[in-house]
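Everything below concerns the one structure shown next.
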Amino acid sequence: MRRVGITYGTQSAQLQGIRRADPQGQGRHSFTAQQQTLRRLDTVFAAFYGRAKKGKAGYPRFKPYGRFHQVHFVAGDGAKWTAAPPGGWARTAFQGVGSVKVRQHRPVPGTVKTLQLKREHRRWYVIVTADTSPVPLPPAGRSVGVDLGIARFLATSDGEIIPNPKFLAAAAETIADLQRRKEHTRCGSGNRQRLRRALAKEWRKVRSRRRDFHHKTARALVERCDVIALEGLNTAAMTRRPRPKPDPGQAGAFLPNMAAAKAGLNKSILDAGWAQFANILAAKAESAGRRTLFVNPAGTSIECHQCGQKCTRPRRDAVICPTHGTMDADINAARNIATRAGLGSGQAPAA
C-alpha cells in the first residue's frame with residue numbers, strides 16, 4: 001500500500017528489535033534460525049517478482065503454523081550435534097528447546113555444517129548436512145548414456161533396462177479411497193483427523209519408496225560407470241498445464257487443448273521422479289569421483305544413433321529408421337545421449 005520495498009536486511013533489523021522487546025518469547029530462540037526463515041521468505045518473493053516480470057505469476061501462499069514444517073539451524077550457533085555412541089542414541093541440542101534424542105541410522109562423516117528439524121505429521125526428523133571430501137571409487141571402465149522414461153524407468157546405451165515400479169499408480173486406489181472417505185467427514189471431527197493421518201501415511205510411503213528406489217538405482221550406476229550422460233530435462237516445464245485455446249468463432253467458448261491427456265502424462269512423469277533421480281545421481285557421482293554429463297534432449301528419441309536420420313515411431317517401444325530398420329526406442333535414445341556427450345556410440349566401454 002505504501003509502495004515501500006521490504007528486504008531481508010530490513011526485516012533482520014526489525015527482528016533484533018522484536019527479540020529485545022520479547023526476551024522470554026522470541027528472544028529465547030536462535031537468532032540464526034529465525035534469520036534462515038527470513039532468508040526463505042526473501043527467496044520466495046524474489047522468485048515471485050522474477051516470474052511477475054515475465055508475465056502472470058501466482059502470489060506466494062502464506063504459511064500458517066500448521067503448514068510450517070521445518071526449521072534450519074547452523075551447527076554451533078543455536079544447535080549442536082552429538083553422534084551416537086555404540087548401541088546408544090545420538091543427541092542434538094537446539095536453543096530454546098533443549099536436548100533431543102535421535103535414532104541415528106548411519107554414521108555422519110565430515111564436519112557438520114547445518115541441522116534441519118523437520119516434521120512430517122507425527123514424525124520428526126533431524127537432517128544433518130556435513131562437509132565431506134570425495135572418496136573416489138576404482139575405475140570401472142564403463143561409460144554410458146542413460147535415457148529416462150515412463151514405461152521403463154531407464155535404459156542405458158549398452159542395453160541395460162530398469163523397469164518403472166510406478167509407486168503412485170500402485171497406491172492410487174488406496175489413496176483415492178481414503179480421500180473420498182475424508183471428504184465425507186465433518187470438519188474438525190476426530191474421524192477426519194484419523195483419515196488425514198492415514199492419507200498422509202500413504203503419501204509418505206509412496207515418497208519413501210520412490211526415494212529409496214532412486215538412491216539404490218543411482219548407487220548401482222555410480223559403482224559400475226565412470227561417466228554417466230543424461231538428458232537435461234526441464235521437468236517443471238514438461239508437466240505444466242496446457243494453455244486454454246479460446247474459440248474465435250464463439251465468445252466465451254474454448255477449443256479442446258488435450259488437457260485431460262496431458263494430466264495423465266504429467267502424473268506419470270512426476271511419479272517417475274526424473275528430477276529427483278538426476279539430483280541424487282549427480283550428488284553420488286560427485287562424492288565417488290565420477291562424472292555426470294547433461295546433454296540437449298531435443299530429438300534423442302527419434303533420431304537414428306547410427307546415421308542421424310529421422311525415424312518413425314509406430315509404437316512406444318520401437319522406432320524405424322529408413323536405413324537401419326526397427327530398433328528399441330529407449331536404447332536408441334540412450335546411444336544418442338552417449339554420442340552427444342562425447343562417449344562414442346555408447347555400445348561399448350569407452351577407452
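Positions are given from 1, in the same order as the sequence printed here.
Between the side chain of Thr132 and the backbone N or O of Pro109, no donor-acceptor pair lies under 3.5 Å.
Taking NZ of Lys118 as the reference point, atom NE2 of His69 lies at 9.5 Å (rounded to 0.5 Å). Between atom CE of residue Met1 and atom CZ of residue Arg3 there is a gap of 11.0 Å, rounded to the nearest 0.5 Å. Separating the CD1 atom in Ile331 from the OG atom in Ser157 is a distance of 9.5 Å, to the nearest 0.5 Å. Interatomic distance, CD1 of Ile228 versus SG of Cys225, reported as 5.0 Å (0.5 Å rounding). Rounded to the nearest 0.5 Å, atoms NE2 (His324) and CD (Gln309) are 8.0 Å apart. Expressed to the nearest 0.5 Å, how far CD1 of Ile161 lies from CG of Leu154 amounts to 8.0 Å.
In this structure, the side chains of Thr292 and Phe294 come closer than 4.5 Å at one or more pairs of heavy atoms. Trp203 has its side chain out of reach of Ser208: every pair of non-hydrogen atoms, C-beta onward, lies at least 4.5 Å apart. Two residues are said to be in side-chain contact when any heavy atoms from C-beta on lie closer than 4.5 Å; Glu231 and Leu148 fail this criterion. Taking the side chain as every heavy atom from C-beta outward, Leu178 and Thr174 approach each other to under 4.5 Å. For the pair Pro134/Glu286, no side-chain contact is recorded, criterion being any heavy-atom separation below 4.5 Å from C-beta on. Between Ile127 and Leu115, the closest side-chain pair of non-hydrogen atoms is not below 4.5 Å. Side chains of Lys182 and Arg192 form a contact here, defined as non-hydrogen atoms less than 4.5 Å apart. With contacts defined as side-chain heavy-atom distances shorter than 4.5 Å, the pair Ile150/Ser268 qualifies.
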How far apart are the C-alpha atoms of Asp330 and Arg316, what are their side-chain angles, what is the distance that settles it, and do they pass the salt bridge (Lys or Arg N to Asp or Glu O under 4.0 Å) test? CA-CA 9 Å; Asp330 297 331; Arg316 177 182 291 180; over 6 Å; no
Check step by step if side chain to side chain donor-acceptor pair (under 3.5 Å) holds for Gln116 and Thr129. CA-CA 8 Å; Gln116 179 181 345; Thr129 306; 5.9 Å; no
ring-ring contact (aromatic ring centres under 6.0 Å, His included), that's the test. Do His105 and Tyr125 meet it? Break it down for me. CA-CA 11 Å; His105 69 288; Tyr125 301 91; 9.5 Å; no
Given the rule in the side-chain contact (heavy atoms from CB on, under 4.5 Å) test, do Thr114 and His72 qualify, once you have shown the distances and angles that lead to the verdict? CA-CA 7 Å; Thr114 64; His72 290 263; 5.5 Å; no
For a side chain to side chain donor-acceptor pair (under 3.5 Å) check, start with the C-alpha distance between Asp131 and Thr111, then their side-chain angles and the critical distance, and finish with the verdict. CA-CA 5 Å; Asp131 187 11; Thr111 304; over 6 Å; no
Side chain to side chain donor-acceptor pair (under 3.5 Å), that's the test. Do Asn336 and His305 meet it? Break it down for me. CA-CA 5 Å; Asn336 278 325; His305 70 276; 5.7 Å; no
Intermediate values then yes/no, side-chain contact (heavy atoms from CB on, under 4.5 Å), Leu293 and Arg291: CA-CA 7 Å; Leu293 306 173; Arg291 285 197 302 150; 4.1 Å; yes
Begin from the C-alpha positions of Gln193 and Arg196 and carry the test side chain to side chain donor-acceptor pair (under 3.5 Å) through to its verdict. CA-CA 5 Å; Gln193 293 296 325; Arg196 283 184 66 248; 3.2 Å; yes
So Asn279 and Trp274, side-chain contact (heavy atoms from CB on, under 4.5 Å) or not? Walk me through it. CA-CA 9 Å; Asn279 291 335; Trp274 296 340; over 6 Å; no
Candidate pair Phe277 and Leu221, rule side-chain contact (heavy atoms from CB on, under 4.5 Å), full reasoning: CA-CA 12 Å; Phe277 174 75; Leu221 280 173; 4.0 Å; yes
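Taking hydrophobic clusters as Ile, Leu, Val, Met, Phe, Trp and Tyr residues chained together by side-chain heavy-atom distances below 4.5 Å, Tyr8 does not share a cluster with Leu41. Both Phe68 and Phe94 belong to a common hydrophobic cluster when Ile, Leu, Val, Met, Phe, Trp and Tyr are linked at side-chain heavy-atom distances under 4.5 angstrom. Hydrophobic clustering places Leu230 together with Met238 (ILVMFWY residues linked when any side-chain heavy atoms are closer than 4.5 Å, directly or through intermediates). Connection of Val206 to Ile269 is established within a shared hydrophobic cluster, with ILVMFWY side chains joined at heavy-atom distances below 4.5 Å, either directly or through further cluster members. Cluster annotation: Val71 is not connected to Val44 through the hydrophobic network of ILVMFWY side chains, with a link wherever side-chain heavy atoms come within less than 4.5 Å.
When all heavy atoms of Gln179 and Glu183 are compared, the closest pair comes out as NE2-OE2, 2.8 Å. The shortest non-hydrogen separation linking Asp147 to Ala334 is CB-N, 3.8 Å. Across all non-hydrogen atoms, the minimal contact from Gln36 to Val74 is NE2-CG2, 4.2 Å. Across Thr326 and Ala318, no two heavy atoms sit closer than the pair CG2-CB, 4.1 Å. The two atoms that bring Phe48 and Ala57 nearest to each other are CE1-O, 3.8 Å, heavy atoms only. Between Val222 and Ala285, the shortest heavy-atom contact is CG2-N, 3.8 Å.
Salt-bridge formation is not detected for the pair Arg142/Asp226: no Lys NZ or Arg NE/NH1/NH2 atom is positioned less than 4.0 Å from an Asp or Glu carboxylate oxygen. Contact check on Arg28 versus Asp22 returns no salt bridge, with no Lys/Arg side-chain nitrogen under 4.0 Å from an Asp/Glu carboxylate oxygen. Taking a cutoff of 4.0 Å between a charged side-chain nitrogen and a carboxylate oxygen, Glu303 and Arg340 qualify as a salt bridge. In this structure, Glu120 does not pair ionically with Lys201, as no charged nitrogen and carboxylate oxygen lie closer than 4.0 Å. For Asp158 and Arg224, the salt-bridge test fails: no basic side-chain N is under 4.0 Å from an acidic carboxylate O. Classification of Arg197 and Glu202 as a salt-bridged pair fails, no side-chain N sitting under 4.0 Å from a carboxylate O. Using a 4.0 Å cut-off between charged side-chain N and carboxylate O, Asp271 and Lys267 make no salt bridge.
Residue Ile6 places its CD1 atom among 12 or fewer non-hydrogen atoms of other residues, nucleotides or ligands, all under 6.0 Å distant. Within 6.0 Å of the CZ atom in Arg204, the count of heavy atoms belonging to other residues, nucleotides or ligands exceeds 12. More than 12 heavy atoms of other residues, nucleotides or ligands shown are found within 6.0 angstrom of CD on Gln70. Within 6.0 Å of the CD atom in Glu173, the count of heavy atoms belonging to other residues, nucleotides or ligands does not exceed 12.
Defined by atom type and a distance below 3.5 Å, a donor-acceptor pair is missing between the side-chain atoms of Arg335 and Gln306.
Classification of the Phe167-Phe213 ring pair by plane angle, with boundaries at 30° and 60°, yields perpendicular. Classification of the Tyr49-Phe45 ring pair by plane angle, with boundaries at 30° and 60°, yields tilted.
With sequence neighbours left out, the side-chain hydrogen bond (donor to acceptor under 3.5 Å, both in side chains) criterion links Arg181 to no other residue. Scored by the salt bridge (charged side-chain N to carboxylate O under 4.0 Å, His left out) test, Asp317 finds Arg315 as partners (sequence neighbours excluded).
Residues Phe153 and His214 place their aromatic rings such that the two centres sit under 6.0 Å apart.
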